[in-house]
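Everything numeric in this text was worked out from a predicted model, so none of it was measured.
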Amino acid sequence: MAEAIYNRIGIGYRDVRRPDPRIAARVEKALGSARSVLNVGAGTGSYEPAGREVMAVEPSEVMIAQRLEGSAPAIQAHAEALPFDDGSFDAAMAIITVHHWDDSAAGLGEMIRVARERVAVLTFDPAPLRDSWFEEYFPRAIDIHAEFMPPVEELVAALRGATVEVVPLPRRCTDGFFIALWDRPEMHLDPEVRRGSTVWHVMDNAEVERGLDALRVDLESGRWDERYGHLRDETAELDLGLRLLTAELA
């Protein structure tokens with residue numbers, strides 16, 4: 001599924017989806033002392049750690065073409081069939097990608113097979129979104145997250161008992177995916193920003209336009225800020241379901 005989606009919507013992805021250093025620090029910590037790392041579903045290379053030997057795997061040619069010069073080498077392949085021998089890397093990582101895999105359990109099994117020490121997976125638990133302002137304007141988007149995201153408990157089981165860390169989304173997050181813009185709702189009105197999140201491409205156009213129209217009206221009238229304006233300045237971070245799973249193998 002990932003290849004088809006990102007070959008269609010991946011143009012300009014790197015401009016919107018810039019890694020946030022606060023999230024990156026958590027990923028770095030999860031990788032521990034690993035020197036060699038396989039990044040599975042690597043996309044344009046967001047969150048690939050510096051100072052380590054990184055190999056990237058990505059199914060989409062469009063995404064691979066957007067990787068910066070000097071970034072880790074990338075090969076076109078799928079998570080469910082990694083073209084590496086057992087134990088080829090100290091660690092394997094997958095960042096906001098497992099929901100695009102055809103078989104998440106098989107993909108995680110492959111990551112365990114090729115990693116010697118640990119596996120780190122950044123994913124979503126959609127439950128916290130039910131209490132957010134997003135549900136008022138884009139209820140179908142919340143349903144899509146619930147339908148697309150493999151349950152965290154299933155991922156934990158596939159990883160043979162991984163730990164689960166809550167990763168609050170920081171204010172002014174530089175990684176412009178859908179829920180990361182919780183403190184800047186006006187950014188969702190920009191079609192170039194929307195291009196970088198899958199959920200906008202899954203919703204019906206009528207659902208998207210209805211929600212955008214309501215959001216635009218409430219921003220112009222001040223109603224959004226009356227109800228949620230505290231999120232702009234008074235909230236440093238917010239738990240909207242981002243979860244970091246870490247499995248120690250050795």
Worksheet item: Is Ser36 reaching over with its side chain to a backbone N or O of Asp90, donor-acceptor style, under 3.5 angstrom?
Response: yes
Worksheet item: Can you list the steps and then say if Leu122 with Tyr47 is a side chain to side chain contact (heavy atoms under 4.5 Å, CB included)?
Response: CA-CA 10 Å; Leu122 192 64; Tyr47 301 104; 5.5 Å; no
Worksheet item: Is Arg227 salt-bridged to Glu136, cutoff N-O under 4.0 Å?
Response: yes
Fill in: Whether Gln76 side chain and Pro59 backbone form a donor-acceptor pair below 3.5 Å
yes
Worksheet item: Do Arg160 side-chain atoms and Ile112 backbone N/O form a donor-acceptor pair below 3.5 Å?
Response: no
Worksheet item: Within the distance-only criterion (no hydrogens, no angle test), does the side chain of Glu110 pair as donor or acceptor with the backbone N or O of Leu82 below 3.5 angstrom?
Response: yes
Discussion item. Is it the case that atom CD in Glu53 sees more than 12 heavy atoms from other parts of the structure closer than 6.0 Å?
Written reply: no
Worksheet item: Donor-acceptor pair, Tyr228 side chain versus Asp183 backbone, under 3.5 Å?
Response: no
Fill in: Basic-acidic side-chain contact under 4.0 Å: Glu147, Arg140
yes
Worksheet entry | Pair Arg216 + Asp213: basic N to acidic O under 4.0 Å | yes
Worksheet item: Taking everything shown except Asp85 itself, do over 12 heavy atoms lie less than 6.0 Å from its CG?
Response: no
Worksheet item: Only one of Asn205, Leu212, Val193 clears side-chain contact (heavy atoms from CB on, under 4.5 Å) with Trp200; which?
Response: Leu212
Worksheet item: Does the gap between the ring centers of His188 and Tyr137 come in under 6.0 Å?
Response: no
Fill in: ILVMFWY cluster, Ile64 and Leu38 together (side-chain gap under 4.5 Å)
no
Discussion item. Quick one: does any side-chain atom of Arg35 pair with a main-chain N or O of Gly51 as donor and acceptor, under 3.5 Å?
Written reply: yes
Worksheet item: If you draw a 6.0 Å radius around CZ in Arg130, do more than 12 non-hydrogen atoms from other residues or ligands fall strictly inside?
Response: yes
Worksheet item: Roughly how far, to the nearest 0.5 Å, is the CZ atom of Arg118 from the OG atom of Ser33?
Response: 6.5 Å
Fill in: Side-chain donor or acceptor of Gln66 paired with backbone N/O of Thr44 under 3.5 Å
no
Discussion item. Quick check against the 3.5 Å criterion: does Arg52 have a side-chain atom that pairs as donor or acceptor with the backbone of Glu28?
Written reply: yes
Item to complete: Determine, using the 4.5 Å side-chain heavy-atom cutoff (strictly less than), whether Val166 and Leu129 are members of one ILVMFWY cluster.
Response: no
Fill in: Hphob cluster co-occupancy, Phe134 + Val217, side-chain heavy atoms under 4.5 angstrom
no
Item to complete: State the CG-CG distance between Leu159 and Leu108, to the nearest 0.5 angstrom.
Response: 4.5 Å
Practice prompt. Say whether, by atom type as modelled, one donor and one acceptor occur between the side chain of Glu80 and the main chain of Asp102 under 3.5 angstrom.
Written response: yes
Item to complete: Please work out whether the ring planes of Phe177 and Phe124 are parallel, tilted or perpendicular, with thresholds of 30° and 60°.
Response: perpendicular
Worksheet entry | Verify same cluster id: Leu231, Leu189 (apolar side-chain graph, 4.5 Å) | yes
Item to complete: Before giving the answer on salt bridge (Lys or Arg N to Asp or Glu O under 4.0 Å), spell out for Glu165 and Lys29 the whole-Å C-alpha distance, their side-chain angles and the decisive distance to 0.1 Å.
Response: CA-CA 12 Å; Glu165 176 186 354; Lys29 183 178 179 181; over 6 Å; no
Fill in: Flag if over 12 foreign heavy atoms under 6.0 Å of CZ, Arg172
no
Worksheet item: Rounded to the nearest 0.5 Å, how far apart are CE of Met203 and OG of Ser197?
Response: 9.5 Å
Discussion item. Count I, L, V, M, F, W, Y as connected when their side-chain heavy atoms are under 4.5 Å apart, and connections chain through other members. Are Phe178 and Trp224 then in the same cluster?
Written reply: yes
Worksheet item: Do any N or O atoms from the side chain of Asp190 and from the backbone of Glu192 form a donor-acceptor pair under 3.5 angstrom?
Response: yes
